[in-house]
Amino acid sequence: MFLSTGGLNQGYAIHGIVNATVKEELHADELERVDDFDDLYEQVKMKLIEKAVAKNADGIINVRFEPQVVRVSVGPKYIVLHGYGTAVSLLHKKK
């Protein structure tokens, strides 16, 4: 299984779009963590891979990530990371 932020230079069949979103609550004493998305990227990547495997895809191309901090008026802040891409199968797999 592969993930790529670009396309491929070979033939492939499209299986559809896969997407995943994860969030983490930020408490008042953790505001310095607002720039720490590393764990969230790994979680989103694993969810994308699971969804691509369910579609019998070989990989995901044109993967994009959209991080954001969501503020709830009277509640806590959340770090939210959304990822999406196109699940594909290679037409000429190497043996």
Side-chain angles (χ1 to χ4, degrees):
M1 179 62 57
F2 64 89
L3 279 76
S4 173
T5 56
L8 295 176
N9 290 331
Q10 70 178 74
Y12 56 86
I14 296 174
H15 290 270
I17 296 171
V18 291
N19 65 74
T21 303
V22 296
K23 69 176 180 181
E24 187 172 316
E25 184 177 334
L26 282 177
H27 300 283
D29 60 340
E30 298 177 312
L31 293 180
E32 71 279 354
R33 291 192 54 231
V34 74
D35 294 326
D36 182 18
F37 283 97
D38 291 346
D39 289 341
L40 297 180
Y41 278 99
E42 288 303 315
Q43 292 175 40
V44 169
K45 288 192 304 188
M46 293 308 297
K47 286 184 174 191
L48 290 173
I49 289 170
E50 288 174 12
K51 290 183 177 186
V53 166
K55 291 180 177 280
N56 294 315
D58 295 320
I60 307 167
I61 60 171
N62 297 319
V63 175
R64 300 291 182 261
F65 295 100
E66 294 187 16
Q68 63 185 159
V69 175
V70 176
R71 300 170 197 253
V72 181
S73 61
V74 293
K77 290 182 182 178
Y78 291 91
I79 297 176
V80 178
L81 183 63
H82 181 70
Y84 59 94
T86 304
V88 299
S89 285
L90 305 177
L91 293 181
H92 302 288
K93 296 180 186 178
K94 293 181 180 180
K95 294 182 181 184

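No experiment lies behind these values; they were computed from the predicted model shown. The chain is numbered in sequence order, starting from 1.
- Cluster annotation: Ile17 is not connected to Met1 through the hydrophobic network of ILVMFWY side chains, with a link wherever side-chain heavy atoms come within less than 4.5 Å.
- Remark: side-chain polar atoms of Arg64 are not paired, donor with acceptor, to backbone N or O of Gly85 under 3.5 angstrom.
- Identified under the side chain to side chain donor-acceptor pair (under 3.5 Å) test for residues 78-87, with sequence neighbours left out: Thr21-His82, Glu66-Tyr84.
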Discussion item. Apply side-chain contact (heavy atoms from CB on, under 4.5 Å) to residues Gln10 and Leu91 and explain how you reach the verdict.
Written reply: CA-CA 8 Å; Gln10 70 178 74; Leu91 293 181; over 6 Å; no
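- Every pair passing ring-ring contact (aromatic ring centres under 6.0 Å, His included) that includes a residue from residues 41-71 is listed here, sequence neighbours excluded: Tyr41-Phe65.
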Fill in: Tyr12 vs Ile61, side-chain contact (heavy atoms from CB on, under 4.5 Å): CA-CA, chis, key distance, verdict
CA-CA 10 Å; Tyr12 56 86; Ile61 60 171; 3.6 Å; yes
Side chains of residues 44-51: which donor-acceptor partners sit under 3.5 Å, not counting sequence neighbours?
unit_1 : atom_1 : unit_2 : atom_2 : d
Lys45  : NZ     : Glu42  : OE2    : 2.9
Lys51  : NZ     : Asn19  : O      : 2.6

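- Heavy atoms only, all atoms of each residue included: Ser89 and Ala57 are closest at OG-CA, 3.7 Å.
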Item to complete: Test side-chain contact (heavy atoms from CB on, under 4.5 Å) on Val18 and Ile60 and set out the steps.
Response: CA-CA 8 Å; Val18 291; Ile60 307 167; 3.9 Å; yes
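- When side chains are defined from C-beta on, Leu8 counts as touching Leu90, because their heavy atoms get closer than 4.5 Å.
- Annotation: the span from Asn62 atom CG to Leu3 atom CG amounts to 11.0 Å, rounded to 0.5 Å.
- Residues His15 and Lys55 share a closest heavy-atom pair of ND1-O, 3.2 Å.
- Put simply, CD on Glu24 and CG on Asp39 are 7.0 Å apart, with the number rounded to the nearest 0.5 Å.
- For the pair Val63/Phe2, no side-chain contact is recorded, criterion being any heavy-atom separation below 4.5 Å from C-beta on.
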